[in-house]
Peer 1: 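One structure follows; several queries about it will come next.
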Amino acid sequence: MSLYRGIACRRKFFWCYRLLSTYVTKTRYLFELKEDDDSCKKAQQTGAFYLFHSLAPLLQTSAHQYLAPRHSLLELERLLGKFGQDARRIEDSVLIGCSEQQEAWFALDLASLHKPEMETELKGSFIELRKALFQLNARDASLLSTAQALLRWHDAHQFCSRSGQPTKKNVAGSKRVCPSNNIIYYPQMAPVVITLVSDGTRCLLARQSSFPKGMYSALAGFCDIGESVEETIHREVAEEVGLEVESLQYYASQHWPFPSGSLMIACHATVKPGQTEIQVNLRELETAAWFSHDEVATALKRKGPYTQQQNGTFPFWLPPKLAISHQLIKEWVEKQTCSSLPA
């Protein structure tokens with residue numbers, strides 16, 4: 001090995017080591033904050049807070065993009081005091097992450113305060129996350145998705161399901177405990193499979209009536225009790241479009257804050273030979289259809305949503321880049337493109 005290559009390899013090793021060390025350090029720090037109330041209270045002193053109102057995050061507009069402003073503990077205490085609120089409201093906040101420098105990040109919902117006055121004071125707007133999600137940068141989108149799901153879970157789990165008594169959250173919001181029987185409740189996500197079905201040259205896309213006009217996506221459905229991911233894929237495809245699939249392949253996963261916090265498990269699947277006739281379950285879908293590689297590749301370049309055309313139709317478009325369904329469809333297009341190239 002040459003001297004140059006030896007130095008380059010050592011540099012690469014130390015860079016990877018620093019990256020791993022940063023990740024481990026952050027993970028251990030967040031674990032400590034979740035398990036130790038005193039440490040978490042201390043972290044709030046130098047931490048930053050994202051604000052919500054009825055689960056809608058506070059956002060500011062900058063260059064056709066939404067930004068999520070953060071506020072220090074002192075700024076938050078001043079804000080609460082100005083609106084006649086006790087500073088103990090901060091105890092309702094939840095831990096959602098931290099920076100590499102171990103600045104802890106929290107989220108707090110101030111639904112009881114007057115929204116218009118808050119927006120004027122904070123120079124921003126409380127915008128429904130579903131509408132704003134795709135105009136946020138990746139970091140803010142991830143943090144706000146985590147925050148909304150966690151805040152919603154706490155709002156819906158304030159009483160013990162066994163004793164009926166009020167539960168109490170820890171400082172970080174990583175759990176709730178029933179004081180009468182010490183039952184611990186942890187935030188949970190519902191597993192959802194999202195499957196892109198292909199017949200080898202085409203992919204199957206569908207839309208629900210709730211989708212924006214013209215938008216199609218891959219098939220998706222919640223896992224039933226007792227099901228594996230594979231069983232859910234087989235069942236959902238059969239239920240929604242009347243097809244049997246095989247050759248299942250895992251792609252990736254993504255946390256999704258809607259409707260109340262889901263783990264999206266994205267997979268590819270191929271229909272069995274000779275089974276391409278779609279039988280749409282109208283209780284589940286508005287429509288479904290096969291699309292060619294060129295049609296999907298063109299749709300990936302569109303940014304939507306779109307307005308109605310003169311003939312009364314809407315252009316065919318796909319979920320935005322941040323959604324795992326977009327990435328799943330994009331991967332299929334890229335694989336089809338590569339397979340069509342000459343060897």
Side-chain angles (χ1 to χ4, degrees), residues 23 26-27 30-31 33-35 40 50 52 54-57 68 92-98 104-109 128-134 136 138-162 167 169-178 183-196 208 210 217-236 239-240 248 250-267 284 319-320 322-328:
Y23 175 77
K26 285 178 58 177
T27 301
L30 288 172
F31 178 81
L33 300 189
K34 292 175 182 178
E35 297 298 319
C40 194
Y50 291 84
F52 285 71
S54 300
L55 298 179
D92 295 331
S93 65
V94 294
L95 176 69
I96 58 173
C98 72
W105 297 327
F106 300 86
L108 177 64
D109 197 301
E128 184 182 346
L129 185 58
R130 188 183 289 272
K131 295 179 179 179
L133 189 63
F134 298 114
L136 289 162
R139 190 195 70 174
D140 283 350
S142 176
L143 284 172
L144 296 182
S145 295
T146 299
Q148 190 198 69
L150 197 51
L151 290 168
R152 182 188 284 113
W153 182 85
H154 279 284
D155 184 60
H157 292 78
Q158 297 184 29
F159 295 89
C160 176
S161 61
R162 178 169 296 180
T167 55
K169 84 171 188 67
N170 64 339
V171 176
S174 59
K175 59 187 174 183
R176 298 189 72 91
V177 181
C178 177
I183 293 178
I184 301 175
Y185 295 92
Y186 294 98
Q188 297 179 343
M189 294 189 298
V192 176
V193 292
I194 180 163
T195 309
L196 186 63
Q208 299 176 359
S210 60
S217 186
L219 301 177
F222 288 92
C223 294
D224 278 350
I225 292 292
E227 281 187 333
S228 66
V229 169
E230 294 82 359
E231 290 169 333
T232 302
I233 292 173
H234 283 286
R235 176 183 55 78
E236 282 291 336
E239 282 182 355
E240 296 190 347
L248 309 184
Y250 171 78
Y251 167 64
S253 63
Q254 178 187 49
H255 169 257
W256 192 244
F258 316 111
S260 56
S262 302
L263 176 63
M264 306 296 291
I265 305 166
C267 299
E284 295 285 334
L322 186 63
I324 198 169
S325 54
H326 180 103
Q327 300 302 323
L328 184 66

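Throughout, numbering of the chain's residues begins at 1 and tracks the sequence. Just so you know, these numbers come straight off a predicted model, no measurement behind them.
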Peer 1: Give the minimum heavy-atom separation between Ala220 and Val192, together with the two atoms involved.
Peer 2: CB-CG1, 4.4 Å
Peer 1: So, do Cys267 and Leu248 sit near enough that their side-chain heavy atoms are less than 4.5 Å apart?
Peer 2: no
Peer 1: Mind checking the CZ-OH spacing from Phe106 to Tyr50? Nearest 0.5 Å is all I need.
Peer 2: 12.0 Å
Peer 1: Provide the closest heavy-atom pair for Cys160 versus Thr167 in the form atom of the first, atom of the second, distance.
Peer 2: N-CG2, 3.5 Å
Peer 1: For the CG atom of Leu150 and the CG atom of Asp155, what is their distance to the nearest 0.5 Å?
Peer 2: 11.5 Å
Peer 1: Does some side-chain heavy atom of Glu236 sit less than 4.5 Å from a side-chain heavy atom of Phe222?
Peer 2: no
Peer 1: Would you say the side chain of Phe258 lies within less than 4.5 Å of the side chain of Leu133, judging by non-hydrogen atoms?
Peer 2: yes
Peer 1: Is a side-chain donor or acceptor of Gln148 paired with a backbone partner of Leu55 at a separation under 3.5 angstrom?
Peer 2: yes
Peer 1: Taking the cut-offs as 6.0 angstrom to the six-membered ring centre and 45 degrees off its axis, would you call Arg130 and Trp256 a cation-pi pair?
Peer 2: no
Peer 1: If only atom types and distance count, is the side chain of Ser142 paired as donor or acceptor with the main-chain N or O of Ala138 below 3.5 Å?
Peer 2: no
Peer 1: Heavy atoms, side chains only, cut-off 4.5 Å: are Glu35 and Lys175 in contact?
Peer 2: yes
Peer 1: What are the two closest heavy atoms between Cys223 and Thr232, and how far apart are they?
Peer 2: SG-OG1, 3.4 Å
Peer 1: Minimum heavy-atom separation for Ser174 and Lys34, please, with both atom names.
Peer 2: OG-O, 3.3 Å
Peer 1: Got a second to check how far Thr195's OG1 is from Glu240's CD, nearest 0.5 Å?
Peer 2: 9.0 Å
Peer 1: For the residue pair Leu322 and Phe134, what are the closest heavy atoms and their distance?
Peer 2: CB-CD2, 3.6 Å
Peer 1: Should we count OH of Tyr250 as having more than 12 external heavy atoms under 6.0 Å?
Peer 2: yes
Peer 1: For Leu144 and Pro57, work out which heavy atoms get closest and say how close.
Peer 2: CD1-CB, 4.0 Å
Peer 1: Would you indicate whether the side-chain heavy atoms of Tyr251 and Gln327 approach each other to under 4.5 Å?
Peer 2: yes
Peer 1: Tell me whether Gln188 at atom CD has more than 12 heavy atoms from other residues, nucleotides or ligands lying less than 6.0 Å away.
Peer 2: no
Peer 1: Is there a donor-acceptor contact under 3.5 Å from the side chain of His255 to the main chain of Leu263?
Peer 2: no
Peer 1: Could you tell me whether a side-chain N or O of Arg152 sits under 3.5 Å from a main-chain N or O of Pro257, the two making a donor and an acceptor?
Peer 2: yes
Peer 1: Rounded to the nearest 0.5 Å, what separates atom NE2 in His234 from atom CD in Glu227?
Peer 2: 11.0 Å
Peer 1: How far does OH of Tyr185 sit from NE2 of His157, to the nearest 0.5 angstrom?
Peer 2: 9.0 Å
Peer 1: In the structure I gave you, are the side-chain heavy atoms of Ser262 and Met189 within less than 4.5 Å of one another anywhere?
Peer 2: no
Peer 1: Can you check whether Val177 reaches Asn170 side chain to side chain, under 4.5 Å on heavy atoms?
Peer 2: no
Peer 1: Look up atom CE in Met264 and atom CD1 in Ile194, then write down how far apart they are to the nearest 0.5 Å.
Peer 2: 4.5 Å
Peer 1: Please check if the side chain of Ser325 supplies one atom and the backbone of Ser217 the other of a donor-acceptor pair under 3.5 Å.
Peer 2: no
Peer 1: Can you confirm whether Arg139 is buried at CZ, in the sense that more than 12 heavy atoms of other residues, nucleotides or ligands lie under 6.0 Å from that atom?
Peer 2: yes
Peer 1: Does Leu136 reach the side chain of Leu129, with side-chain heavy atoms less than 4.5 Å apart?
Peer 2: yes
